Amino acid sequence: MTKKIVLVSGGAGFIGSHVTVELIAAGYNVVVADNFSNCDNTCFEGVKKITGREDIPLEKVDFCDAEAARALFRKYPIDAVIHFAAFKAVGESVAQPLKYYKNNLQSFMNVLEAAQQQGGCQVLFSSSATVYGEPDQVPVTEQSPRKPATSPYGNTKQMCEDILQDTVKASGGRIKGILLRYFNPIGAHPSALIGELPRGVPNNLVPFITQTAIGKRECLSIFGNDYPTPDGTCLRDYIDIVDLAKAHVYAVTRMVEGKMKADCEIFNIGTGRPVSVLELVNAFEKVNGLKLNYKFAPRRSGDVTAIWADPSLANRELGWKATRTVEETLQAAWAWEKHLAGKD
Ligand code: UFG
């Protein structure tokens, strides 16, 4: 059987690079496309080392350019596309909403249009638990209601979900879609050759922790210790990046093998395990044998108190399950930070 071709838009970034590794390991041919607006080639080079493949096609493409998107679909007989190419900083999206609406919506619509013009393909969209907002009940299932987005970034995730669902409906079966709603992806590849590479001051918790531990940041602020949770800090569902990447392989395989039960399916990708900010910090210190400089600070606006996944649908339907412990993941995150600092 000829190998299926998967286009990974935003494939040089944090999640895209881990997904590329797992797709190649599973026997797919991958075309990586990225405009490098939010990353350099560190992770792409890492992917080549991990897979031992020098020949992975890399296309420097900005998907906001409709013709460039079409050209890519003409050049390769793409069976499935995984769409990551998007801006993702919540705070920046509040300050510069048009930048987010223009980029995140336009690029996805161009991908869909190009796919449609080539006769269709399978589309996997990287969505987020942010679409559930502050949930009425935890854990959240795929049936839990979507809440009004609290940022333009979150709004683009909801809008792209709708755009894909409407496009699938109108395509007469030529486009099929899966929406993966990620909880909090953290960690790095066990090789420490790829991982998260935030530009400037990290917004997310784990890169802030590792940068504080390495001495790049003075002190971690834990945003809020007066939440109605057991230790007063927020609860999240931290999902290992390699586990998360594998979920994409299961989802793509389900699509290309025609095993979907509906033309557009939604899956929560999480562990089902709530972990507080303080628990995560303590686990990081313990497993890596170090002390972290941290303090409690006021709540961060827009944060929800507690959210974690009910991943049973993905477990059952995709045959996928998160396997890594928080400790293993935090060890990998620390190894990656040390790799970046050239200290190992
Ligand atoms: N946190 C801190 N200090 C920090 C950074 C984060 O205490 O320096 C806390 C946050 O307050 C939150 C938890 O750590 O309680 C996790 O925060 P992250 O920023 O790592 O993740 P979020 O849960 O806020 O982010 C998730 C997704 C984003 C998405 C966002 C939408 O990872 O992609 O939900 O709300 F945009």
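In each ligand, atom 1 is the first atom listed, and ligand 1 is the first ligand listed. Quantities reported herein were computed from a predicted structural model and do not represent experimental measurements.
Considering backbone and side-chain N/O atoms, Ser128 never comes within less than 3.5 Å of an N/O atom of ligand 1. The distance criterion of under 3.5 Å between nitrogen or oxygen atoms is met by Arg236 with respect to ligand 1.
Aromatic ring pairs are classed by plane angle as parallel below 30°, tilted from 30° to 60° and perpendicular above 60°; the pair Tyr182 and His248 is tilted. Relative orientation of the Phe296 and Tyr294 rings is perpendicular, given thresholds of 30° and 60° on the angle between their planes.
For ligand 1, the atoms closer than 4.0 angstrom to any heavy atom of Val90 are 36 (F). Atoms of ligand 1 lying under 4.0 Å from at least one heavy atom of Ile222, given by number and element, are 7 (O). Close approach of ligand 1 to Val277 is summarised as follows: ligand atoms under 4.0 Å from at least one heavy atom of the residue are 7 (O), 9 (C), 13 (C), 14 (O), 15 (O). Those atoms of ligand 1 that come under 4.0 Å of a heavy atom in Ser221, given as number and element, are 2 (C), 3 (N), 4 (C), 7 (O), 8 (O).
The ring of Phe87 has its center no closer than 6.0 angstrom to the ring center of Tyr153.
The nearest heavy-atom contact from the protein to atom 4 (C) of ligand 1 is Phe223 CE1, 3.3 Å. Here the protein heavy atom with the shortest distance to atom 16 (C) of ligand 1 is Tyr238 OH, 3.6 Å. Among all protein heavy atoms, the one lying closest to atom 34 (O) of ligand 1 is Thr130 CB, 4.6 Å. Distance from atom 22 (P) of ligand 1 to its nearest protein heavy atom, with residue and atom name: Asn184 ND2, 3.5 Å. Nearest protein neighbour of atom 11 (O) of ligand 1, counting heavy atoms only, is Asp303 OD2, 2.5 Å. Nearest to atom 20 (O) of ligand 1 among the protein's heavy atoms is Leu205 N, 2.8 Å. Ranking the protein heavy atoms by distance from atom 15 (O) of ligand 1 puts Cys234 CB, 3.1 Å first. Nearest non-hydrogen protein atom to atom 36 (F) of ligand 1 is Tyr153 CE2, 2.8 Å.
The nearest protein heavy atom to atom 27 (C) of ligand 1 is not closer than 4.0 Å.
Contact annotation: for Asn204 versus ligand 1, heavy atoms closer than 4.0 Å belong to both the backbone and the side chain. Contacts between Asn203 and ligand 1 below 4.0 angstrom, taking non-hydrogen atoms only, involve the backbone exclusively. Contacts with ligand 1 closer than 4.0 Å are made by no heavy atom of Pro202, backbone or side chain.
Salt-bridge annotation for Glu317 and Lys261: present, with a side-chain N of the basic residue lying under 4.0 Å from a carboxylate O of the acidic one. In summary, Asp162 and Arg146 engage in a salt bridge, as defined by a charged side-chain N under 4.0 Å from a carboxylate O. For Glu92 and Lys99, the salt-bridge test passes: some basic side-chain N is under 4.0 Å from an acidic carboxylate O. Under 4.0 Å is where a charged nitrogen must lie from a carboxylate oxygen, and between Lys48 and Asp55 no such pair does. Under the 4.0 Å criterion applied to side-chain N and carboxylate O atoms, Lys321 and Asp243 are not assigned as salt-bridge partners. The pair Glu327-Lys286 fails the salt-bridge criterion, with no side-chain N (NZ, NE, NH1 or NH2) lying under 4.0 Å from an Asp/Glu carboxylate O.
Side-chain N/O atoms of Asn155 and Tyr101 include a donor and acceptor closer than 3.5 Å.
Panel note: side chain Asp240, backbone Arg324; no donor-acceptor pair is recorded below 3.5 Å.
Residue contact annotation: Gly154 has no non-hydrogen atom under 4.0 Å from ligand 1.
When the side chains of ILVMFWY residues are joined at heavy-atom separations under 4.5 Å, either directly or via intervening members, Tyr238 and Phe267 end up in two distinct hydrophobic clusters.
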